[in-house]
Amino acid sequence: MTSGRKKLDKVTDLASVVNKYVTDGCSICLGGAIARESVAVAREIVRQQKKDLTLMGAAMTSAGEILVGAGCLKRIEIAYFWIGVVGQGFNFRRAVEQGVPRRPKVADYSNFSASLRFLAGSMGIGFMPTRSLRHSDIIRYNPDIKTMADPYTGQEVALVPAANPEVAFIHVQRADPSGNAVIMGNLWNDPTLARAARKTIITCEEIISEQEIRTNPNLTAIPRYCVEAVVPLPFGAHPEPVDGYYWMDQPFRRDFALRSQSREGFLGWLQEWVWDCADHNAYLEKLGARRIQALAAIEKRFRQGMAR
Amino acid sequence: MTSGRKKLDKVTDLASVVNKYVTDGCSICLGGAIARESVAVAREIVRQQKKDLTLMGAAMTSAGEILVGAGCLKRIEIAYFWIGVVGQGFNFRRAVEQGVPRRPKVADYSNFSASLRFLAGSMGIGFMPTRSLRHSDIIRYNPDIKTMADPYTGQEVALVPAANPEVAFIHVQRADPSGNAVIMGNLWNDPTLARAARKTIITCEEIISEQEIRTNPNLTAIPRYCVEAVVPLPFGAHPEPVDGYYWMDQPFRRDFALRSQSREGFLGWLQEWVWDCADHNAYLEKLGARRIQALAAIEKRFRQGMAR
Amino acid sequence: MKKAALKYNAAHLMAARAAREIKDGETAMIGVGLPLAAGIIAREVHAPSSMIVFEGGTVGAKSRRMPWSISDSATSDFALAAMELWRMLGDLQAGYVDVGVVGGAQVDRYGNLNSTAIFGQGSYARPKVRMPGSGGANDIASSCGRTIIMMRLGSRNFVSGLDYLTSPGYLSGGDARARANLSGGGPALVVTDRAVFRFDGQDKEMYLAEIDDPANLEAVRKLVGWPLRVSPELKKMKPPSAKEMEVMHRLDPLGIVLGTGAELELEDFEKYLGVLERNFPDEPLSR
Amino acid sequence: MKKAALKYNAAHLMAARAAREIKDGETAMIGVGLPLAAGIIAREVHAPSSMIVFEGGTVGAKSRRMPWSISDSATSDFALAAMELWRMLGDLQAGYVDVGVVGGAQVDRYGNLNSTAIFGQGSYARPKVRMPGSGGANDIASSCGRTIIMMRLGSRNFVSGLDYLTSPGYLSGGDARARANLSGGGPALVVTDRAVFRFDGQDKEMYLAEIDDPANLEAVRKLVGWPLRVSPELKKMKPPSAKEMEVMHRLDPLGIVLGTGAELELEDFEKYLGVLERNFPDEPLSR
């Protein structure tokens with residue numbers, strides 16, 4: 001934990017944080033999954049050609065598919081990896097089944113046990129017990145899962161090791177410049193991830209003032225002392241949704257799923273939406289203002305009457 | 001967990017829930033400490049002359065002093081027991097030092113490790129590891145604390161057993177009739193206590209509608225499926241404060257502390273504020289409308305500009 | 001089918017059948033797709049105070065749109081609570097969730113499930129087909145009060161041996177699960193598009209309890225990869241009621257989940273928007 | 001004291017001295033009373049971007065009133081965040097808290113503390129004096145980046161052996177703490193009303209580093225229950241500055257914490273209200 005945590009103004013940009021904090025061979029985790037999934041971050045990691053990363057998490061959809069398809073991942077420690085509804089995780093399948101473009105080592109967990117790894121990591125302890133996992137092949141094929149007798153009851157429990165990834169990217173609705181972050185709706189394990197990672201980067205739809213944060217401290221999901229940098233990144237989860245901000249772009253997801261059925265199709269998609277877009281702004285321009293505004297408008301319409 | 005959890009209207013009254021759920025010899029925990037401390041519940045437990053209770057918690061002030069002074073407690077598993085600022089925990093001292101009116105067995109923990117017991121209990125596992133406790137006499141005198149080598153790092157950690165008290169009383173600002181509860185400001189471990197207890201009773205300053213709960217799901221600290229009953233109990237924490245609702249009554253606390261310096265003084269206080277008050281309403285009447293309104297007004301003045 | 005109005009497909013049949021297993025007042029942990037349809041039908045038709053919770057951590061949403069995942073905005077629309085994933089699954093492990101729905105690509109005679117990998121000639125590390133993995137399925141199967149297994153009855157998915165056991169059912173049968181320190185009760189039944197299976201009270205082996213048409217008995221036997229026991233009181237699966245069908249049509253206007261085929265409209269963004277707007281019901285569905 | 005305006009008591013001296021140990025940008029976990037006064041002075045005088053967190057789970061409050069406990073409403077007034085106690089202390093164990101303040105009724109030469117019980121002729125189960133217990137002190141002493149010990153220098157509280165070790169300092173000295181798998185660094189110094197002590201870099205024994213008046217050296221030696229080492233560069237404790245005194249007067253108008261004696265006004269409810277209202281500052285103090 002460096003002095004970055006101690007600054008009051010941590011605002012910077014996406015290319016800089018990916019360049020600075022994601023090093024070849026490091027471990028990362030991405031906040032959200034469907035809700036607030038860090039898809040723009042995944043595209044930037046690909047754009048900067050980061051290599052040999054270990055991805056830790058519970059579930060991942062678009063962001064994971066982009067990273068595994070682009071060959072950035074050496075290892076995946078996760079419970080669920082797929083696109084869902086509009087199609088399968090074809091890049092994940094190709095990587096694991098055929099080693100194309102490379103075969104990452106996969107360590108399977110369940111959603112709960114994968115989450116407990118971050119809970120342990122967030123508290124600076126080495127492991128956490130659970131009643132899940134024991135009676136399955138998850139434990140058989142994952143040597144990092146151990147068992148022990150609960151010393152109080154004598155009953156067997158499984159243990160999972162703490163996860164402390166080197167970097168976490170967490171996309172939120174709102175944050176102040178020092179990193180106090182508000183998450184609306186689906187939280188996933190993000191308050192816990194923010195604490196478990198060695199460096200936590202907040203990307204956000206909007207920067208708000210510290211004053212606004214102070215009006216309701218119970219809404220702050222992540223306090224500034226765990227945060228290294230803050231990046232304004234509107235529509236940073238597209239085509240996934242952000243509760244209260246924009247709805248899923250299913251046609252975009254479906255196009256991704258259809259094209260990624262073949263390796264060539266996915267490479268074409270990658271050319272079009274990653275390599276040919278210099279940055280996130282270029283990506284949004286390509287999507288078009290009409291499209292992103294419509295996704296925001298439909299979300300607002302469905303959420304009318306809820307706190308914002 | 002009985003069908004009480006499954007009802008949609010769980011609203012009842014204080015005397016009924018204490019009568020129904022607190023049985024002689026059972027284990028209880030009380031939410032809050034200073035903030036939202038369940039002081040009215042403690043008075044009612046005394047009024048109904050419940051005996052041989054085990055009190056589990058992290059910290060306790062007025063509510064604990066009343067219970068221990070009235071002789072209701074057989075065992076105390078806690079990290080901190082005192083009045084603070086205006087005086088010592090004279091009833092606690094008399095009980096432990098002199099056995100007056102009886103000597104409860106005390107199991108000491110630290111705030112963190114006491115909290116982890118409820119976290120374990122809330123998740124249905126038997127224990128939780130911590131780096132605290134090992135290098136102290138807390139572990140020496142508390143046989144329920146064990147140690148083990150972390151199987152991943154080899155380093156020694158302490159283990160604390162899960163706490164699953166038979167009843168939890170949690171005083172909150174707002175709840176709907178099915179038990180969805182909003183806590184503002186200081187949370188203590190109350191969302192965790194609510195899950196760890198076999199039966200959880202919510203007492204609240206105000207009943208609000210389910211509709212209002214739905215406007216911001218991120219503010220719900222306790223979901224209805226852990227709640228057995230809901231009791232409207234305005235000023236249920238007096239003389240302790242409730243964030244956003246009323247401020248501490250320091251003169252009342254000081255009077256309590258001064259009088260409880262002697263056993264006779266405390267018994268006089270008990271007569272005046274417990275035995276001579278038929279119920280919580282009688283207690284509030286004795287306090288007087290002027291006093292409770294002033295405590296509410298001063299709190300609102302200090303919180304002007306915050307969400308309510 | 002007595003009336004032409006009650007035209008239904010396999011998805012409708014499964015969702016409606018599973019829905020009837022959810023009781024009033026229950027808290028149900030449910031994934032998206034058919035299980036969610038089942039949960040919503042239960043709430044709207046016969047179990048008004050049942051409540052759906054999602055692994056993503058939201059409780060009792062009341063949305064005007066169909067969730068397409070366990071964590072999209074529709075799962076938090078007017079929800080009663082939103083918590084972290086570990087907390088929700090901790091609540092599951094602690095026993096607060098009465099019923100859950102799980103599935104998989106393979107099931108064995110004791111209700112154990114595989115949603116991780118089909119090995120084929122390969123192995124776990126290099127499988128023929130890699131699937132998404134457990135997600136919350138192992139946790140739900142381990143800790144939920146009881147589970148409903150939902151899956152199509154295909155030619156190779158009711159198997160005598162799983163390639164990979166992702167989610168525990170009754171393990172090796174008999175009292176194996178009872179001895180296993182799992183807080184959940186295990187699978188109550190298996191709902192498929194052609195039949196419903198239950199588990200013997202003693203040895204916990206799956207048996208045929210309901211069938212779409214008794215004439216199909218031999219066909220069903222052939223699909224199952226072990227000698228199938230049949231209940232002496234074999235029943236006919238009850239088709240979806242008009243009320244159940246009405247709820248399904250209302251909740252999935254795009255037909256994405258229930259396969260009524262609005263796929264074309266997903267191709268084009270403007271058509272997608274149009275469908276969302278046309279199907280914006282005035283009254284929110286309760287979840 | 002150069003000016004009459006700078007009249008201060010022992011509490012003021014301790015709070016101001018401890019404050020100077022808190023650095024800009026640091027996150028400080030602080031109890032109420034003198035430690036809190038120290039934290040607020042730091043923030044207002046020399047460390048504007050330091051931030052106070054309370055065990056109760058609130059972060060960076062900005063209140064117009066003085067908190068009287070670690071969890072009253074003043075600790076959440078305009079706070080930046082509010083979380084559960086276990087989470088806040090989990091953050092502590094994970095290393096997010098740079099500095100903490102602890103105290104006790106007894107301290108030994110290695111900075112180990114007792115805030116649980118004075119045994120006298122009795123025992124842990126039947127002590128002469130039972131105190132509140134650890135609260136968060138054991139956790140802060142175990143895991144905080146470094147700690148500041150604050151306590152009065154009395155005739156019997158700097159002892160050669162503790163009755164009960166509540167909160168670990170350097171344990172038995174030397175590398176005992178380094179070998180103990182404690183994430184926190186241990187005590188940096190001990191601030192009392194008459195002197196400041198630090199710890200030897202090698203054997204970790206406490207030594208006298210600052211004193212209120214060098215003429216009191218023998219008196220201080222007599223109060224300490226072991227042969228006290230004295231720094232060859234013994235300094236004089238710096239009294240509170242005008243700015244520090246101004247902050248203290250502003251934050252504790254009732255004198256409850258700093259002992260300037262408004263006790264009488266607490267007796268009567270109307271007077272209590274009056275004092276609160278009179279001392280309601282227009283500008284909130286930053287925490």
Side-chain angles (χ1 to χ4, degrees), chain A residues 112-113 115-117 119-132 143-164 172-174 182-187 191 211-221 243-244 303-308, chain B residues 112-113 115-117 119-132 143-164 172-174 182-187 191 211-221 243-244 303-308:
Chain A
F112 185 45
S113 55
S115 306
L116 290 176
R117 298 184 64 203
L119 187 60
S122 77
M123 296 199 286
I125 48 170
F127 66 93
M128 196 71 80
T130 174
R131 294 165 84 164
S132 290
D144 293 339
I145 303 168
K146 298 177 189 284
T147 59
M148 68 176 276
D150 176 329
Y152 296 95
T153 63
Q155 290 184 308
E156 190 191 57
V157 290
L159 304 182
V160 290
N164 292 110
V172 305
Q173 282 87 354
R174 298 195 274 268
V182 174
I183 300 179
M184 296 164 60
N186 281 277
L187 290 162
Q211 182 88 352
E212 198 175 332
I213 290 282
R214 289 187 186 280
T215 59
N216 196 341
N218 295 98
L219 287 178
T220 304
D243 305 64
R303 305 282 273 202
Q304 211 155 31
M306 291 186 76
R308 199 172 173 274
Chain B
F112 185 45
S113 55
S115 306
L116 291 177
R117 297 184 64 203
L119 188 59
S122 76
M123 296 197 286
I125 49 171
F127 65 95
M128 194 72 79
T130 173
R131 293 165 84 164
S132 291
D144 293 338
I145 303 169
K146 299 177 188 283
T147 60
M148 69 176 274
D150 176 330
Y152 296 95
T153 64
Q155 291 184 309
E156 190 192 57
V157 290
L159 303 183
V160 290
N164 293 109
V172 306
Q173 281 87 353
R174 298 196 273 268
V182 174
I183 300 179
M184 296 164 59
N186 281 278
L187 290 162
Q211 183 89 350
E212 199 175 332
I213 290 281
R214 291 186 184 278
T215 60
N216 196 342
N218 295 98
L219 288 178
T220 305
D243 306 63
R303 304 282 274 202
Q304 211 154 33
M306 289 185 77
R308 192 165 180 280

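Naming convention: chains lettered A, B, ... in sequence-line order (proteins, then strands); numbering from 1 in each chain. Keep in mind it's a predicted model, so treat the numbers as computed, not measured.
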* **4.5 Å side-chain heavy-atom contact, A/Met123 and B/Leu116** => yes

* Contact summary for A/Tyr152 and B/Gly126, nearest pair of heavy atoms -> CD1-O, 4.0 Å

* **Most contacts with chain A, counted as non-hydrogen pairs under 4.5 angstrom, among B/Asp144, B/Thr130, B/Val157** => B/Asp144

* Structure fact -> Per-residue tally against chain A (heavy atom, under 4.5 Å) across B/Gln211, B/Lys146, B/Met128, B/Met184 peaks at B/Lys146

* Under 4.5 Å from any heavy atom of chain B - which part of A/Ile183 -> backbone

* Apply side chain to side chain donor-acceptor pair (under 3.5 Å) to A/Arg303 and list each qualifying residue two or more places apart in sequence or on a separate chain. => C/Ser76, C/Asp77

* Structure fact -> Here the pair of heavy atoms bringing B/Pro151 nearest to A/Leu159 is CG-CD1, 3.5 Å

* To do: Indicate yes or no: at least one non-hydrogen side-chain atom of A/Val182 is less than 4.5 angstrom from one of B/Asn218.
  => no

* Quick check: does any side chain N or O of B/Arg131 sit under 3.5 Å from a backbone N or O of A/Gly124, one acting as donor and the other as acceptor? -> yes

* **Which residues share a side chain to side chain donor-acceptor pair (under 3.5 Å) with A/Thr153, sequence neighbours left out** => A/Asp150

* Structure fact -> Between A/Pro217 and B/Met306 the two heavy atoms that sit nearest each other are CD-CE, 3.5 Å

